[in-house]
Amino acid sequence: MPKNILVISSSPRKNGNSDALAYSFARGAENAGNNVEKITLYDKHISFCKGCMACQKTRNCVINDDAGEIVDKMLEADVIVFATPIYYYSISGQLKTMLDRSNPLYTADYRFRDVYLLASAAEDEENTVNGAVTAVQGWINCFQKASLKGVVFAGGVTDIGEIAGHPALEKAYDMGKNV
C-alpha cells in the first residue's frame with residue numbers, strides 16, 4: 001500500500017545541496033509507488049512561535065501564515081522527511097522555526113510514524129551532523145508513536161550544485177525507495 005510522504009526542505013537557497021538530497025529521496029519514494037509531496041520553506045512565510053500555547057486547545061495556531069497549511073500536511077503524512085543544511089552544527093533556522101510552529105500536532109491524532117533526516121554541510125567530518133540529529137530527535141521525542149528511521153549526511157559541499165555526484169544522493173534515493 002502506498003504511503004503518503006511529506007518532504008520538507010529547509011534550505012534558504014533555491015536548489016541548495018540539502019534540497020538536492022530532498023529531491024533524490026522524493027524521486028526514490030515516488031519510483032517505489034508512494035505518494036510524495038515536497039515543500040520548500042525558502043518561499044514560505046513562517047513567523048516565529050509566540051509560545052501562547054493556544055494551539056494545544058484549538059489545534060490551530062493564532063498566527064496566520066504558511067505554517068498552518070504545512071502542519072495540516074504533516075498531520076496527514078505517514079512519513080515526514082526533513083532536509084536541512086547544517087549551520088553551526090545544527091539544523092537551519094527555517095527548519096527550527098517550522099518545528100516550533102508544529103505545536104498543534106502535539107495534541108492531534110497524527111499519522112506519521114517514520115521520520116527521516118537529510119543534511120548537507122561544508123564540513124565533512126562524520127560528527128558534523130550530530131547536532132542536527134539531536135535537534136530533530138528532540139522534536140520526535142514529543143511524538144510517542146514516531147521514530148527517526150534514517151539519516152543521510154552529505155559533507156564537504158558548500159556551493160549550490162557542489163553535491164552533484166556525491167554518494168549521499170544515491171543513499172537518499174535508496175532510502176526513499178525503501179521507505
Answer yes or no: is there a side-chain heavy-atom contact under 4.5 Å between Leu75 and Arg59? no
Just how far is it from atom CD1 of Ile80 to atom CD1 of Ile39, taken to the nearest 0.5 Å? 9.5 Å
Over all atoms of both residues, closest heavy-atom pair of Ala67 and Ile46: CB-CG2, 3.9 Å
If two hydrophobic side chains count as joined below 4.5 Å and joins carry through other members, does Val115 share a cluster with Ile8? yes
Hey, is Lys145 close enough to Asp109 for a salt bridge, meaning N to O under 4.0 Å? yes
If you measure from OG on Ser102 to CZ on Phe143, what distance do you get to the nearest 0.5 Å? 5.0 Å
Which donor-acceptor pairs under 3.5 Å do side chains of residues 172-179 form with protein atoms, sequence neighbours excluded?
from   : atom 1 : to     : atom 2 : distance (Å)
Tyr173 : OH     : Asn31  : ND2    : 2.9
Asn178 : ND2    : Asp174 : O      : 2.8

Check Lys38 with Asp19, please: is the shortest side-chain N to carboxylate O separation under 4.0 Å? yes
If you draw a 6.0 Å radius around CD in Glu69, do more than 12 non-hydrogen atoms from other residues or ligands fall strictly inside? no
Leu148, Phe82: one ILVMFWY side-chain cluster at the under-4.5 Å cut-off? yes
Is there a path of hydrophobic side-chain contacts, each under 4.5 Å between heavy atoms of I, L, V, M, F, W or Y residues, that connects Ile163 with Val81? yes
Distance in Å, Arg13 CZ paired with Ser18 OG, rounded so as to fall on 0.5 Å steps: 8.0 Å
Closest non-hydrogen atoms of Pro104 and Ala108, given as atom of the first, atom of the second and distance, are O-CB, 3.8 Å
Side-chain heavy atoms nearer than 4.5 Å, only ILVMFWY residues, links allowed to pass through others: does that put Leu99 and Val133 together? yes
Sequence neighbours excluded, which residues qualify as side-chain contact (heavy atoms from CB on, under 4.5 Å) partners of Ala135? Ser90, Ile91
Looking at Asp159, is its backbone amide N or carbonyl O close enough to the side chain of Asn17 to form a donor-acceptor pair, meaning the two atoms are under 3.5 Å apart? yes
Is the CG atom of Asn64 crowded by more than 12 outside heavy atoms at less than 6.0 Å? no
Under the side chain to side chain contact (heavy atoms under 4.5 Å, CB included) criterion, do Thr134 and Gln137 qualify, and how do the steps go? CA-CA 5 Å; Thr134 298; Gln137 186 65 60; 5.7 Å; no
Side-chain contact, heavy-atom cut-off 4.5 Å: Tyr106 with Gln56? yes
Kindly indicate whether the side chain of Ser47, heavy atoms from C-beta on, has any atom under 4.5 Å from the side chain of Arg101. yes
Do Ile70 and Leu41 have side chains that approach each other closer than 4.5 Å (heavy atoms only, starting at C-beta)? yes
Considering all heavy atoms, the nearest Gln94-Pro12 contact: NE2-CB, 3.3 Å
Nearest 0.5 Å, what's the CG-CZ distance between Asp78 and Arg111? 4.0 Å
Considering all heavy atoms, the nearest Phe112-Val79 contact: CB-N, 4.4 Å
Going by heavy atoms in the side chains, are Met98 and Ser10 under 4.5 Å from each other? no
Which pair of heavy atoms, one from Ile63 and one from Phe48, lies closest together, and at what distance? CD1-O, 3.3 Å
Please check if Tyr89 and Leu95 belong to a single hydrophobic cluster, counting links between Ile, Leu, Val, Met, Phe, Trp and Tyr side chain heavy atoms closer than 4.5 Å. no
What's the separation between atom OH in Tyr42 and atom OG in Ser92, rounded to the nearest 0.5 Å? 14.0 Å
Go through it in stages, so that I can follow the logic: the residues are Cys61 and Val71, the test is side chain to side chain contact (heavy atoms under 4.5 Å, CB included), and I'd like the CA-CA distance, side-chain angles, deciding distance and then a yes or no. CA-CA 10 Å; Cys61 184; Val71 168; over 6 Å; no
Ser120 to Val157 - nearest heavy-atom pair and separation: CB-CG2, 3.8 Å
Side chains of Leu21 and Leu169 in contact at under 4.5 Å (non-hydrogen atoms): yes
Please round to the nearest 0.5 Å and tell me the distance separating atom NZ of Lys3 and atom CG of Asp114. 5.5 Å
Measure the shortest side-chain to side-chain distance between Ile5 and Phe25 over non-hydrogen atoms and say whether it is less than 4.5 angstrom. yes
